[in-house]
Protein chains: 4
Amino acid sequence: MPKETFFNLPAEKRDLIIKVVTDEFAAFNYEQASVNRIVTNAGISKGSLYQYFEDKRDIYQYLIDLMTKEKVKYVSPVMQNPEDHDIFTLIRELYVSGLRFVLENPKFGAIGKRFMEIKNSVVYDEIMHGNRDAANQFFRILLEKAVDKGEIRSDLDIPMFAYMIGAMNTQMIEYFTDFETFEDDDKLLETVDIFIEFLKNGIEA
Amino acid sequence: MPKETFFNLPAEKRDLIIKVVTDEFAAFNYEQASVNRIVTNAGISKGSLYQYFEDKRDIYQYLIDLMTKEKVKYVSPVMQNPEDHDIFTLIRELYVSGLRFVLENPKFGAIGKRFMEIKNSVVYDEIMHGNRDAANQFFRILLEKAVDKGEIRSDLDIPMFAYMIGAMNTQMIEYFTDFETFEDDDKLLETVDIFIEFLKNGIEA
Amino acid sequence: MPKETFFNLPAEKRDLIIKVVTDEFAAFNYEQASVNRIVTNAGISKGSLYQYFEDKRDIYQYLIDLMTKEKVKYVSPVMQNPEDHDIFTLIRELYVSGLRFVLENPKFGAIGKRFMEIKNSVVYDEIMHGNRDAANQFFRILLEKAVDKGEIRSDLDIPMFAYMIGAMNTQMIEYFTDFETFEDDDKLLETVDIFIEFLKNGIEA
Amino acid sequence: MPKETFFNLPAEKRDLIIKVVTDEFAAFNYEQASVNRIVTNAGISKGSLYQYFEDKRDIYQYLIDLMTKEKVKYVSPVMQNPEDHDIFTLIRELYVSGLRFVLENPKFGAIGKRFMEIKNSVVYDEIMHGNRDAANQFFRILLEKAVDKGEIRSDLDIPMFAYMIGAMNTQMIEYFTDFETFEDDDKLLETVDIFIEFLKNGIEA
DNA sequence: CATGAATGAGCTTTCATTCAT
DNA sequence: CATGAATGAAAGCTCATTCAT
């Protein structure tokens, strides 16, 4: 968490710093990102930066938190009453929100990718502080309930499929970031629908 | 490629160096890996290491090559006549060989994971020398042929599914490396079969 | 060019660094000069030196610039209106200023000598940034004008004599640095006058 | 001096080594010259080279000696009876032989230039072992005798002119190596004659 | 709240020389 | 006489972090 001083800053300055930091961690992964470059680009002194943040990790942490907060905005209203919908609708909404998020926030997309690059590092664990497999948990519960409701087959390896369904979302995002691009939102929805249908065929009861 | 001197070394010493280097690149990614640590752990002088290898990248390259060579051994005989088998059999063999490889060579598994961490770096490209998405290509052709043979639906987004099928293999490997473990080979085969069935349901014609 | 930080330093510290650097490049040529030795002798940390200067070349560049600036102070007022004087007067002034400069700044003399040792290197060219034979050009024009004014013979190989007259100055400086010494300024002037007379006899019209 | 082993070598091998060493010290100065490169280019082992020569300096020494021996061959027969000729004839012969030597042995020319680059180093002194200013001595005696014979003015600063006349030869060689080139031997002689006349006008009695 | 100089362990790489075989 | 593996000090340079002002 940034120190109090950071939040006492005039919004303009704070926003500039956030912008610079965002650019830095979008262009470089955690290790390659440079505190020197940040202060230079933000036009502030090193000492100042260290009065706003504990250390490099803290800066990163803050950025990832910001990204997470932003991502939440994309979560479909459908997710507010998950029990009202079948699992395929829910997964569809998750995929769509995930894709829309990175398409509308390409820098966050890049940061997310860079973040994944350090998935095996201490820093990653620290930033996720134990939530490492929160997504896993979420999908696991989703699948378990779907089994109960008879929506999907009961003989699946739930933990594995939970992991895979989460991972597929990430992978699909990487695919569309790296190799393809959506012409418009309709195309995006269509693509997701095809994939959801694929999933459905694969696992439905 | 290591220099001649490396191959002239007594096997024992060479193996020790390989072991130390393997450990280093299993524990750290390319950037974090330290030549200093390697020479210390191998009990050799800095000068010696640089008489065996051109530079750090050369060491890494050699290790990745070694891994690739080892991995090839796991490729199923089925893959020698791919046209004799349907796509699901082929994908199954690929998944099985991939999983077996990392389960029987956990250090290589770690190295492979670390290697993926630098997927967006120059070093990665250099080591892959342009073959960056050879896997993608492979799966694309596989899918195209399967469409021709009427094994899978013709309305799929081939490039995307090619990417996803490759990625799923990697993800499954990561899952079993990080969270689960196979009791025995039967369990492994069973797991893969479930997944292949899932795939089959999803995309077969 | 040193970074801003260098010029922000207390004069005392800056002067100490300049002194140490001067000594280093007076005692060793560019390659043999050691950044390690500089920081040790200056009693500063490596990191600090690299906050003052870009790199080793930057340190050297700065020193050569300093020397050049200092040398300019020695240039005779006579040179401000070159057309008011005959060529022998001008050459005399140049020789005198060159000699006085190194005699009064022996360290710069040493640095100049060391600088000449790398005359065929890339670093030399970079530091001179293309002005490699500015001196040659200068003397060439001087000689051409003198031919026009009928001060010297018109059958001379101008480029060669231009080169030689410049070189003789350097050589004379080396001679008095290495083997001889002037008792006083009168002796210096006398010596130069003898040499100029020699030159005059040799080339005047 | 090379060790006995070097001279026991088959002439062919010895010559190859000499050629490689010549190329190395023509292309690089003493410091930059690399023992590694020499053994590689000569196709011999490091151990062997160190059985032929004491160390790097010894190799260099040997090469400079070889060059000196070769240079002697160019000395005009006129120099065998110096007292039969006036000083200007003698100097002329020296200049001509010096120029011819480097023109016909460009590699030695390069080596000579590289050798001059370390004029202020310990290695230079060691290689010249005290003969540092043998050339100076030579010209000094020449000038003294010429004064006695009434060939040149008696009021000259003999040591300085001795130094300068030697240096001019070197400088002229550098000029023709770096900037100009002789069409033929006639042109060379003509150029030297012009310079000698210049000298003559300058210092004759 | 701002500053920016100071730090120093760490990085990868080079090289002439030795010596056991 | 030939070999070539071993050496290790030294090179130039980077970087997140601290702290006195």
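Each chain gets a letter, A, B and so on, in the order its sequence line appears, and its residues count up from 1.
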Original post:
Does the pair C:Arg37 and C:Glu24 meet the rule for a side-chain contact (heavy atoms from CB on, under 4.5 Å), with working shown?
Top reply: CA-CA 8 Å; C:Arg37 211 157 31 208; C:Glu24 183 70 15; 2.7 Å; yes
**OP:** Given side-chain contact (heavy atoms from CB on, under 4.5 Å), test C:Leu63 with C:Met67 step by step and report yes or no.
**Re:** CA-CA 6 Å; C:Leu63 192 60; C:Met67 183 174 78; 6.0 Å; no
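Only at 4.0 angstrom or more do the heavy atoms of residues 113-128 of chain B sit from any atom of DNA chain E, so none qualifies. DNA chain E is contacted by D:Ala33, D:Ser34 of residues 6-34 of chain D, taking any non-hydrogen atom closer than 4.0 Å.
Looking at heavy atoms from C-beta onward, D:Ile59 lies in side-chain contact with D:Leu49 at the 4.5 angstrom threshold. The shortest distance between side-chain heavy atoms of D:Ile127 and D:Phe115 falls below 4.5 Å.
Salt bridge annotation for C:Lys119-D:Glu117: absent, with no cationic side-chain nitrogen under 4.0 angstrom from a carboxylate oxygen. Ion pair B:Asp58/B:Lys3 not flagged as a salt bridge, since none of the NZ, NE, NH1 or NH2 atoms sits closer than 4.0 Å to an Asp/Glu carboxylate oxygen.
Atom-to-atom distance recorded for C:Asn120:CG and D:Arg114:CZ is 5.5 Å, nearest 0.5 angstrom. Of the inter-residue distances, the one linking C:Ile44 atom CD1 with C:Leu16 atom CG reads 8.0 Å to the nearest 0.5 angstrom.
Remark: P of F:dT14 and CG of C:Asp55 are 8 Å apart, rounded to the nearest angstrom. Distance NZ (D:Lys3) to P (F:dA2): 12 Å, rounded to an integer number of Å. Taking atom CD1 on B:Ile59 and atom C1' on E:dC11, their separation rounds to 13 Å, with Å as the unit. With rounding to whole Å, D:Tyr52 atom OH is found 8 Å from F:dC1 atom P. The separation between A:Asp58 atom CG and F:dT18 atom C1' is 16 Å, rounded to whole Å. Rounded to a whole Å, the CD atom of B:Gln51 is 13 Å from the C1' atom of E:dT13. The separation between C:Ile38 atom CD1 and F:dA10 atom P is 16 Å, rounded to whole Å. Between A:Glu4 atom CD and E:dC1 atom P the separation is 7 Å, expressed in whole Å.
Between C:Lys19 and the choices C:Thr22, C:Asp23, C:Asp15, the side-chain hydrogen bond (donor to acceptor under 3.5 Å, both in side chains) rule is met once, by C:Asp23.
Side-chain N/O atoms of A:Asn36 include none lying less than 4.0 angstrom from OP1 or OP2 on F:dC15. A sub-4.0 Å separation between OP1 or OP2 of E:dC1 and a side-chain N or O of A:Ser48 is absent. For B:Tyr50, no side-chain nitrogen or oxygen approaches OP1 or OP2 of E:dT14 to under 4.0 Å. Of the side-chain N and O atoms in A:Ser45, one or more sit less than 4.0 angstrom from OP1 or OP2 of E:dT3. At the phosphate of F:dG4, neither OP1 nor OP2 sits under 4.0 Å from any side-chain N or O atom of D:Lys46.
Side-chain contact annotation: D:Gln32 with C:Glu31, donor-acceptor N/O pair under 3.5 Å present.
Of all non-hydrogen atoms in A:Ala33 and A:Phe28, the two that sit nearest each other are N-CB, 3.6 Å. Heavy atoms only, all atoms of each residue included: A:Tyr52 and A:Leu9 are closest at CZ-CD2, 3.4 Å.
Checking B:Leu49 against C:Arg57, the closest nucleotide of DNA chain F that is more toward the 5' end is the one next to B:Leu49. Toward the 5′ end of DNA chain F lies the nearest nucleotide of B:Ile44, the other residue of the pair B:Ile44 and A:Val35 mapping further downstream.
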Subject >> Nucleotide-level pairing of DNA chain F, given in dot-bracket where Watson-Crick and G-U pairs need both distances under 3.5 Å and | marks other strands >> reply: .||||||||||||||||||||
